[in-house]
2 protein chains.
Amino acid sequence: MTFPLLTDQVTQTLRAQGGRMTAQRRLILDVLQASDSHPTAEELYALARQSDPSLNLSTVYRTLNWLEERGFVSPRRFDDNHAHKHFDPVQPDGGHVHHFHCRKCDRVIEFSAPQVELLLEQIRGEIARQHGLRVDDAALVLSGLCMDCVAKS
Amino acid sequence: MTFPLLTDQVTQTLRAQGGRMTAQRRLILDVLQASDSHPTAEELYALARQSDPSLNLSTVYRTLNWLEERGFVSPRRFDDNHAHKHFDPVQPDGGHVHHFHCRKCDRVIEFSAPQVELLLEQIRGEIARQHGLRVDDAALVLSGLCMDCVAKS
DNA sequence: AACGTTAATGCAAACGATTTGCAACAAGAA
DNA sequence: TTCTTGTTGCAAATCGTTTGCATTAACGTT
Ligand SMILES: [Mn+2]
Ligand SMILES: [Mn+2]
Ligand SMILES: [Zn+2]
Ligand SMILES: [Zn+2]
């Protein structure tokens, strides 16, 4: 199974910048898209290795960093106690999405809440005015137990 | 200058659990309270060392972990690219507070937005119902440039 | 189809933030 | 003052991630 959408976009960007599309990059992109969402570098690595056991972890990191620099993914640290990043494939529409983080199994679930956007706009302005600062972004992270972990408890 | 409030509470807890109040812990607590807010372990260490150059960084970490386990501070990672924690002294009233993070100078500013709480309650319930999960906490993090960094730009 | 340039890889070593094992130390109860 | 044992400093280990370098391979040119 191949995922042409992101892979093609990346190949285009790659070409435009004198880069090269490699088997490793193709594999990592496929795994990234097959993954339900927000995998860590280690998770991607483990999955990709099933297809190519010679793949190196540093290649995964280099690819993710390359993708991040071009805005194809954005890294997030949901966990305050464990240090790893989760890589969030950026959706083409640019729509703002928020996250739920399961503190038991580390799963991440996306959600959008249109009502939040309005309030965030309001808050952003208010805070900005109040403190004389410039708000560029707002992230809402809910945490707790995901459906599976609730079931198991 | 000494800050008796938190220090006394901590001493009490310490006593109650067979622990010992040491010069190092007193110092770290003082520096933590003198700091405007949300210092990192390294920041606390640097400040505390001005009073006691023999203080060791691992003692700072051990003290912060001890405080965290008893709910006196809570660690937060505001930065998605740098891995360090900021330590947030937990306010006694238990009131929910949100944060602004300056992505230029790493400063953290607290704010409370009562309007947010209502909406968060609403969202929490909605998301929980929709996905069958349990939401325990919600954190809103704004990011951008703080007043000083805005001025310098 | 073979070539040449140079981007990308694998590997191992370095890195920043934090944690840990252990021997020496010191708080505080007796 | 002594004794017990929680705490410290120090060094080494750990975790997630990054980097230098020799080797490989993508892909435009021939
Ligand atoms: Mn995680
Ligand atoms: Mn920071
Ligand atoms: Zn879970
Ligand atoms: Zn700033």
Side-chain angles (χ1 to χ4, degrees), chain A residues 7-8 10-29 31 38-46 48-49 51-70 73-87 106, chain B residues 7-8 10-29 31 38-46 48-49 51-70 73-87 106:
Chain A
T7 306
D8 284 358
V10 168
T11 306
Q12 258 187 297
T13 308
L14 226 24
R15 289 264 157 80
Q17 307 186 357
R20 297 169 188 179
M21 174 51 74
T22 65
Q24 290 89 331
R25 283 177 171 166
R26 217 168 345 246
L27 173 55
I28 293 168
L29 287 169
V31 169
H38 305 87
T40 64
E42 289 280 356
E43 282 165 3
L44 282 175
Y45 176 58
R49 273 199 138 219
S51 303
D52 174 5
S54 76
L55 177 67
N56 193 274
L57 181 54
S58 65
T59 300
V60 173
Y61 276 110
R62 278 190 279 236
T63 298
L64 287 169
N65 287 340
W66 188 97
L67 290 170
E68 181 186 350
E69 280 154 20
R70 272 89 186 164
V73 301
S74 74
R76 312 252 351 192
R77 296 178 195 271
F78 292 107
D79 198 318
D80 284 322
N81 280 309
H82 296 163
H84 59 240
K85 298 179 184 172
H86 290 242
F87 291 87
D106 197 41
Chain B
T7 305
D8 284 358
V10 168
T11 305
Q12 258 187 295
T13 307
L14 227 24
R15 288 263 158 80
Q17 308 186 357
R20 295 169 189 179
M21 175 50 74
T22 65
Q24 291 90 329
R25 285 177 170 165
R26 217 167 346 248
L27 173 55
I28 293 167
L29 286 169
V31 169
H38 305 86
T40 64
E42 287 282 357
E43 281 165 4
L44 281 175
Y45 176 59
R49 273 199 137 215
S51 304
D52 174 4
S54 77
L55 177 67
N56 192 276
L57 180 54
S58 65
T59 300
V60 174
Y61 277 109
R62 279 190 279 237
T63 299
L64 287 170
N65 287 340
W66 188 96
L67 291 171
E68 181 186 349
E69 280 154 20
R70 273 90 187 162
V73 301
S74 73
R76 312 257 345 196
R77 297 178 195 270
F78 292 107
D79 199 318
D80 284 320
N81 280 309
H82 296 165
H84 59 243
K85 298 178 184 173
H86 289 243
F87 291 88
D106 196 41

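Keep in mind that what you see is a predicted model, and the values were worked out from it rather than measured.
Residue B/Ser54 is in sugar-phosphate contact alone, with no base atom involved, counting any heavy-atom pair closer than 4.0 Å across all strands shown. Within 4.0 Å (heavy atoms only), B/Arg62 reaches at least one base atom of the nucleic acid. Nucleic acid contact for B/Arg15: sugar-phosphate only, since backbone atoms but no base atoms lie under 4.0 Å from a heavy atom of the residue. As judged by a 4.0 angstrom heavy-atom cut-off over every strand, A/Gln24 is placed among residues touching the sugar-phosphate backbone only.
Residue-to-nucleotide proximity on DNA chain D shows that, of B/Thr59 and A/Asn56, the 5′-proximal contact is made by B/Thr59. The 5' end of DNA chain C is approached more closely, in terms of each residue's nearest nucleotide, by A/Asp52 than by the other of B/His84 and A/Asp52. Map B/Leu14 and A/Arg26 each onto its nearest nucleotide of DNA chain D; the residue landing nearer the 5' end is B/Leu14. Looking at which nucleotide of DNA chain C each of B/Thr11 and B/Phe87 is closest to, the 5′-most match is held by B/Phe87.
Taking atom CE of B/Met21 as the reference point, atom P of C/dA26 lies 17 Å away to the nearest angstrom. Distance B/His82 NE2 to C/dA17 P: 8 Å, rounded to the nearest Å. Per the geometry, CG belonging to A/Leu67 stands 16 Å off C1' belonging to D/dT17, to the nearest Å. Rounded to an integer number of Å, the gap from CG of A/Leu55 to P of C/dC11 is 10 Å. Residue A/Ile28 contributes atom CD1, which lies 12 Å from atom P of C/dA8 at whole-angstrom precision. Between the CG atom of B/Leu57 and the C1' atom of D/dA11 there is a distance of 13 Å, rounded to whole Å. Distance CD (B/Glu42) to P (C/dA17): 6 Å, rounded to an integer number of Å. Between B/Asp79 atom CG and D/dG16 atom P there is a gap of 18 Å when expressed in whole angstrom units.
Remark: A/Asn65 is in phosphate contact with D/dT18, judged by side-chain N or O atoms under 4.0 Å from OP1 or OP2. Taking side-chain N and O atoms only, B/Arg25 has a distance below 4.0 Å to OP1 or OP2 of D/dT7. Phosphate contact (OP1/OP2 of C/dG16, side-chain N/O of B/Lys85, threshold under 4.0 Å): absent. Listed pair A/Tyr61 / D/dT17 meets the phosphate criterion, a side-chain N or O lying under 4.0 Å from OP1 or OP2. Remark: B/Ser58 is not in phosphate contact with C/dT19, judged by side-chain N or O atoms under 4.0 Å from OP1 or OP2. Distances shown here put a side-chain N or O of B/Thr22 below 4.0 Å from the OP1 or OP2 atom of D/dT8.
The shortest non-hydrogen separation linking B/Leu27 to B/Ser51 is CD1-CB, 3.8 Å. Here the shortest heavy-atom pairing between A/Leu57 and A/Tyr45 reads N-CE1, 3.3 Å.
With A/His84 as the fixed residue, the side-chain hydrogen bond (donor to acceptor under 3.5 Å, both in side chains) test singles out one of A/Asp106, A/Thr40, A/Asp79: A/Asp106.
Between the side chains of B/Arg62 and B/Ser58, at least one donor N or O lies within less than 3.5 Å of an accepting N or O.
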Steps toward side-chain contact (heavy atoms from CB on, under 4.5 Å) verdict (B/Arg25, B/Leu14): CA-CA 11 Å; B/Arg25 285 177 170 165; B/Leu14 227 24; 3.5 Å; yes
Can you list the steps and then say if B/Lys85 with A/Asp80 is a side-chain contact (heavy atoms from CB on, under 4.5 Å)? CA-CA 7 Å; B/Lys85 298 178 184 173; A/Asp80 284 322; over 6 Å; no
